[in-house]
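As structure tokens, the structure follows; a few thoughts come after it.
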Amino acid sequence: MRLIVDSGSTKADWIAVNEEGKVLFTTQTLGLNPEILDEDEIIERLNDRFDILQNKKEATHLFFYGAGCGTDRMKVWLSQIFQNYFSNAIIDVKEDTYAAVYATTAKGEKAIVSILGTGSNCSYFDGKELHQKVQSLGYIIMDDCSGNVFGKELIRKYYFNKMPKELAEVFEKEYDVDPDAIKSKLYKEANPNAYLATYAKFLIQHKETEFCRKIIFKGMRSFVKNYIKQFENHKEIPVHFVGSIAFYLKDELQEIFDKYELQLGNVLRRPIDGLIAYHVANK
């Protein structure tokens, strides 16, 4: 049994397949970002899903693509946890960008591959290897155009009275805007980045308003300038995306790409289905 996992900070999609690629089961856990969770929290999230718990000794391979796995230290640490849990499996941990590459990019194709979800990143794939010029420092400092950055922007606008009254009234009905509740989520509970990203739904639902469009396009311009344009051949190759922010704001991405004369490639909400095809073809 091969387990293929695509994990962000918010959630992780799991698919178990046999040697022929037949799906045995699918499930979902909370996100397994090693940068923001300790070992006990990771084990708890694994044990919370019966399919995973029941089949942990049946797994022969675990292919894990995850947010927070961009450094060797985090990959080694998480691999050891998985090795102890899936004791009969060969463990392969890679950063989540590889999942995006395998799901969106044709074999041998050169492309820039980006993730816009709870967090964000951007890499260049030369057809064989992945290259990054900017090392992510996480949601507090970076993550341009991500769900958590959009969430921070909305909360700030609301508290600085910069949100139009009619939108502010809707915002108050949909979210708990009590300062103590927000601070508790940010400073006392797990996954503050995922909490912030929940506010991005409001931005997407009201993306036709001038207020939300300004926030969206400000974030997209920042992402293009700070991430995509770092690669010299950015106008010559397609730029692929995975993630809910990219998926639900595809039209807005196209507008920005037209302005900067960039090629918008494949835009997927989740890379997990493409990963099945990749691993069956490369077993």
Side-chain angles (χ1 to χ4, degrees), residues 6-13 27-38 40-49 66-68 96 115-121 136-220 222-223 242-250 252 269-270:
D6 172 46
S7 175
S9 295
T10 306
K11 57 183 175 55
D13 292 314
T27 191
Q28 191 176 86
T29 67
L30 293 173
L32 300 173
N33 186 334
E35 292 281 8
I36 57 178
L37 299 175
D38 61 29
D40 289 341
E41 289 172 315
I42 291 171
I43 297 299
E44 181 181 351
R45 293 183 179 196
L46 294 174
N47 287 337
D48 191 50
R49 289 295 179 267
D96 51 355
I115 295 175
L116 287 183
T118 297
S120 69
N121 63 34
S136 175
L137 296 177
Y139 77 100
I140 295 176
I141 296 177
M142 291 186 173
D143 275 2
D144 296 28
C145 199
S146 68
N148 78 74
V149 167
F150 283 147
K152 280 187 281 189
E153 186 72 5
L154 284 171
I155 293 171
R156 285 171 54 84
K157 294 288 188 184
Y158 174 81
Y159 270 94
F160 287 134
N161 297 312
K162 299 291 181 64
M163 184 180 288
K165 182 179 179 181
E166 63 275 13
L167 282 178
E169 291 175 351
V170 177
F171 194 72
E172 292 167 351
K173 292 178 181 178
E174 295 186 3
Y175 297 96
D176 187 348
V177 295
D178 178 75
D180 289 334
I182 292 174
K183 286 186 286 187
S184 177
K185 291 285 187 181
L186 292 177
Y187 301 113
K188 295 182 179 181
E189 298 185 25
N191 291 34
N193 57 335
Y195 161 70
L196 287 168
T198 62
Y199 288 87
K201 181 180 178 181
F202 181 88
L203 196 71
I204 293 168
Q205 289 175 330
H206 302 278
K207 68 177 187 176
E208 301 303 326
T209 66
E210 181 181 0
F211 171 79
C212 290
R213 280 180 61 85
K214 285 183 178 179
I215 294 175
I216 291 167
F217 285 106
K218 176 185 175 183
M220 290 184 173
S222 177
F223 189 82
V242 298
S244 56
I245 297 299
F247 183 80
Y248 289 114
L249 296 177
K250 182 179 178 180
E252 288 71 23
R269 183 183 178 190
R270 306 186 313 164

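Heavy atoms only, all atoms of each residue included: Met142 and Leu137 are closest at SD-N, 3.4 Å. Contact detail for Glu35 and Asn33: the closest heavy-atom pair is N-OD1, 2.9 Å. The two residues Met163 and Leu154 have their closest heavy-atom pair at CE-O, 3.7 Å. Across Ala181 and Asp176, no two heavy atoms sit closer than the pair CB-OD2, 3.4 Å. The shortest non-hydrogen separation linking Gly119 to Asn148 is CA-ND2, 4.0 Å. For the pair Phe150 and Cys145, the tightest heavy-atom approach, listed with the atom from each and the gap, is CE1-O, 3.5 Å.
Atom NZ of Lys201 is surrounded by 12 or fewer heavy atoms from other residues, nucleotides or ligands within 6.0 Å. Within 6.0 Å of the CD atom in Glu44, the count of heavy atoms belonging to other residues, nucleotides or ligands does not exceed 12.
Put simply, CZ on Arg45 and CD1 on Ile42 are 8.5 Å apart, with the number rounded to the nearest 0.5 Å. Within the model, atoms CD1 of Ile215 and CG of Leu203 stand 5.5 Å from one another, a figure rounded to the nearest 0.5 Å. The NE2 atom of His206 sits 6.0 Å away from the CG atom of Leu167 when rounded to the nearest 0.5 Å. One finds the CG atom of Asp143 at 9.5 Å from the CZ atom of Phe223 (value rounded to the nearest 0.5 Å). The CD atom of Glu172 lies 3.5 Å from the OH atom of Tyr158; values are rounded to the nearest 0.5 Å. Taking CG of Asp178 as the start and NZ of Lys185 as the end, the distance is 12.5 Å to the nearest 0.5 Å.
Put simply, the side chain of Glu41 gets close to the backbone of Asp38: a donor and an acceptor are under 3.5 Å apart. In this structure, Tyr175 contributes its side chain and Thr198 its backbone to a donor-acceptor pair below 3.5 Å. A distance-only check finds no donor-acceptor pair linking the side chain of Ser222 to the backbone of Asp144 [under 3.5 Å].
Residues Asn191 and Leu37 are in side-chain contact: their nearest non-hydrogen atoms beyond the backbone lie under 4.5 Å apart. The shortest distance between side-chain heavy atoms of Leu249 and Met220 falls below 4.5 Å. Two residues are said to be in side-chain contact when any heavy atoms from C-beta on lie closer than 4.5 Å; Tyr248 and Arg269 meet this criterion. The side-chain heavy atoms of Val170 and Gln205, taken from C-beta on, include no pair separated by under 4.5 Å. Side-chain contact between Ile182 and Tyr159 is present, with heavy atoms from C-beta onward closer than 4.5 Å. The shortest distance between side-chain heavy atoms of Lys157 and Phe211 falls below 4.5 Å.
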side-chain contact (heavy atoms from CB on, under 4.5 Å) for Asp96 and Asn121? Distances and angles first, verdict last.
CA-CA 9 Å; Asp96 51 355; Asn121 63 34; 3.4 Å; yes
Between Leu186 and Leu196, is the side-chain contact (heavy atoms from CB on, under 4.5 Å) condition met? List the steps.
CA-CA 8 Å; Leu186 292 177; Leu196 287 168; 3.8 Å; yes
Start with the C-alpha gap between Ser9 and Thr118, add the side-chain angles, then the distance that decides, and say whether side-chain hydrogen bond (donor to acceptor under 3.5 Å, both in side chains) holds.
CA-CA 7 Å; Ser9 295; Thr118 297; 5.9 Å; no
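In this pair, Phe202 and Phe171 present their aromatic rings perpendicular. The plane angle is above 60°, beyond the 30 to 60° band.
Between Glu210 and Lys214 a salt bridge is recorded (basic side-chain N to carboxylate O distance below 4.0 Å). A salt bridge links Glu153 to Lys218: at least one charged side-chain nitrogen sits closer than 4.0 Å to a carboxylate oxygen.
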